[in-house]
Enquirer: 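Before I ask anything, here is the structure I am working with.
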Amino acid sequence: MITEARYKELIKIVHDARPLYINGEDTGISDEVYDSYMAQIYEYETTHEPAENSPTRTVNPTPDGADVTHPVAMLSLTDVFGKENAAAFLNKMKAEYGVTFTLEYKLDGLSVQLIYEGGKLISASTRGDGRIGVECLESAQHIVSIPKTIEAQGRVIVRGEVFMRKSRFKDYCDKYGGQANPRNTAAGIFKRKNERERASFLSFQAFSLENANEISDADIPELFGGEKEDLSFHSWCLNLLEYWGFETVNHWCLDDDQFLVNTIDEVSKNREEDDIPIDGMVLKINNLTTRDELGDNDVVPRWAIAYKFPAMEKETRLLRIDFQVGSTGKLTPVAILEPVLVAGSTISRCTLHNRKRIEDLHIQIHDMVTVYKAGDIIPAIKSARHTLQSTPVEYPTVCPACGSPLNDGCCDNLECPEKLKARLNNWVSKGVANFKGVAGSLIDTLFERGVIRTPADFYTKVTPATLLTVPKMGPAKKNTYFKRVQESKKNLDFTQFLVGIGIDGLSYAGADRLKKHFESFSLLRTWSEAVEALLNFSEPVFIDLLGSSKGSSTYKQLHEPFIELLVRDLGKVFEDRYI
């Protein structure tokens, strides 16, 4: 749980972001990070008295240009961040009131209230502070999914969401240029005048008939039996809205916590592929009479909650930056973070790739950084926010592993222990020898004991007796090691062989060109012979195959005494293979 100081800091950040958020402007933090702040505030307040200025106790500030008083207040919702909390709300209300529920998509857009008089749309206002919003009728007239007329003569008040489908967001960006996200884009368009063309990219879905008690029997179609009593349930109100021509939010009727959890899981699993942008699910009591009994606290109703999906992005503190030495001597900056849970796993470190990446993100030590999972797998930093404690990054001038002077950010010492270890790990990786199931800790142990220094040593210096003294090295692990050794001797491709040597700048594509150059001779060679031929190629041959810069660099690296010896040693290991 966060400290009191962090709690107060988050309250200030949320309050600063709120006016920007409701005006559709860039807050500097993503919606998911904003939600994670709110989750931390809610969690803190479960065991501490909420501050008077807590966002859980206050409404949004009045937006710029607010000019419409809502006939029905557009309240917010209580957020919950665990399925167990949503289930607890359902079970509590079911036990106390014997009610059923609806579960709905929580659309990630702009909440809007529509008003119809005499069957015609006369107002379309934004939520604003919940009581006063901004009139945007002109924009609403250009959104196809907002009915301009309905079959009802009395006043009808409808609440729903203006949003941009993901596919339409892509089309919009292709036409008008890149945008931050669909929600901000939709909000900006809807609030501006004279945006007929851009407004056509927007959609609207209704999620509430706000004045069901005012609907006259004459306005209820016969297919409903013409009975106003039917409108005492929210689900029937949604049906009536559909009859009047509205698209309604995806919803389910339920009274069971297991169905609730299963539905949330299914929607969450598929939401990235869903064309409709959502950031959670809304659980509401279906019976409107019970809703009236429960009422609200002027900020949120007591008869509904919003379950928010686990954040795909979260903010945490950057503690320091370590510089790791790779197999080619390049230094890679790695961010060491205050551990944070993102999309189901704890992240405490992630690569920053290079100095340019640090400078592009304006990262400093002790910044608050937004962390996400690239491709839902790889931890990455999206943005940084300076704090009072932030200090500029100091870049090393000597190798952190061996102390050698750096040459353009690279360690040239071929005997650098971290370079040697990185080359070993590169060799056993999936893209080269693929020692699947062989732990990195084993490689570290063998290296630290001086058993292995180069990839050739995996095949010539490690014996069953060597592994006897390695901790936690049972028969199964030993068998796996020697099985992988034999598999690689049989299956390793010459392209992988060349990549595994660890020459800076030699990619798979470049190594493959070298391999095909051998094959063009139509001469059967052992790998040992091919290695000797490779070392005897002139520099112009490498330049012709790999280009001027990479060709010259590869030639020079191959003739470094350490690399030359490694190549010959590996050639002997695979001397019974032919190219």
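In this chain, residues are counted from 1 in sequence order.
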Enquirer: Could you go through I2 and L10, starting from their C-alpha distance and side-chain angles, then the distance that decides it, and tell me whether this counts as side chain to side chain contact (heavy atoms under 4.5 Å, CB included)?
Expert: CA-CA 10 Å; I2 59 175; L10 291 183; 3.9 Å; yes

Enquirer: Which pair of non-hydrogen atoms, one from H362 and one from H386, has the smallest distance, and what is that distance?
Expert: O-CE1, 2.9 Å

Enquirer: Between L90 and L260, which heavy-atom pair has the shortest distance, and what is it?
Expert: CD1-CD2, 4.2 Å

Enquirer: For residues 239-256, which residue pairs qualify under salt bridge (Lys or Arg N to Asp or Glu O under 4.0 Å), counting only residues two or more places apart or in two chains?
Expert: R165-E247

Enquirer: Would K175 and E197 satisfy salt bridge (Lys or Arg N to Asp or Glu O under 4.0 Å), going step by step from the backbone distance to the final call?
Expert: CA-CA 11 Å; K175 185 168 184 176; E197 185 177 337; 2.3 Å; yes

Enquirer: Only one of L114, I150, L240 clears side-chain contact (heavy atoms from CB on, under 4.5 Å) with V156; which?
Expert: I150

Enquirer: Side-chain contact test, heavy atoms from C-beta onward, threshold under 4.5 Å: evaluate it for I336 versus L318 and give yes or no.
Expert: no

Enquirer: Determine, for K12 against E9, whether the closest basic-nitrogen to carboxylate-oxygen distance falls under 4.0 angstrom.
Expert: no

Enquirer: So, applying side-chain contact (heavy atoms from CB on, under 4.5 Å) with H251, which one of V282, L103, L238 is it?
Expert: L238

Enquirer: State, yes or no, whether a side-chain contact exists between I278 and K106 at a heavy-atom distance under 4.5 Å.
Expert: no

Enquirer: Between E195 and S139, does any side-chain donor sit less than 3.5 Å from a side-chain acceptor?
Expert: no

Enquirer: Between L288 and C237, which heavy-atom pair has the shortest distance, and what is it?
Expert: CD1-SG, 4.0 Å

Enquirer: Taking only Lys NZ, Arg NE, NH1 and NH2, and the carboxylate oxygens of Asp or Glu, determine whether K356 and D360 approach each other closer than 4.0 Å.
Expert: yes

Enquirer: Might you point out which heavy atoms bring V499 and A511 nearest each other, and give the distance in Å?
Expert: CG2-CB, 3.8 Å

Enquirer: Take a 6.0 Å sphere around CZ of R302 and say whether it holds more than 12 heavy atoms from other residues, nucleotides or ligands.
Expert: yes

Enquirer: M74 versus R159: any side-chain heavy-atom pair under 4.5 Å?
Expert: yes

Enquirer: Distance check, rounded to the nearest 0.5 Å: D493 atom CG versus D512 atom CG?
Expert: 7.5 Å

Enquirer: Give me the atom names and distance for the closest heavy-atom approach of I305 to A86.
Expert: CD1-CA, 3.7 Å

Enquirer: State yes or no: are the ring centers of Y116 and F246 separated by less than 6.0 Å?
Expert: yes

Enquirer: Apply salt bridge (Lys or Arg N to Asp or Glu O under 4.0 Å) to the pair R131 and D298, showing each step before the final yes or no.
Expert: CA-CA 10 Å; R131 286 168 173 76; D298 289 331; 3.7 Å; yes

Enquirer: Using side-chain heavy atoms (C-beta onward) and a distance below 4.5 Å, is E117 in contact with R155?
Expert: yes

Enquirer: Can you name the closest pair of heavy atoms from T185 and M164 and give their distance?
Expert: CG2-CE, 3.8 Å

Enquirer: Is the closest side-chain heavy-atom distance between I146 and L121 below 4.5 Å?
Expert: yes

Enquirer: Can you classify the ring geometry of F309 versus Y307 as parallel (below 30°), tilted (30 to 60°) or perpendicular (above 60°)?
Expert: perpendicular

Enquirer: Specify whether Y105 and W252 have parallel, tilted or perpendicular ring planes, treating 30° as the upper limit for parallel and 60° as the lower limit for perpendicular.
Expert: tilted

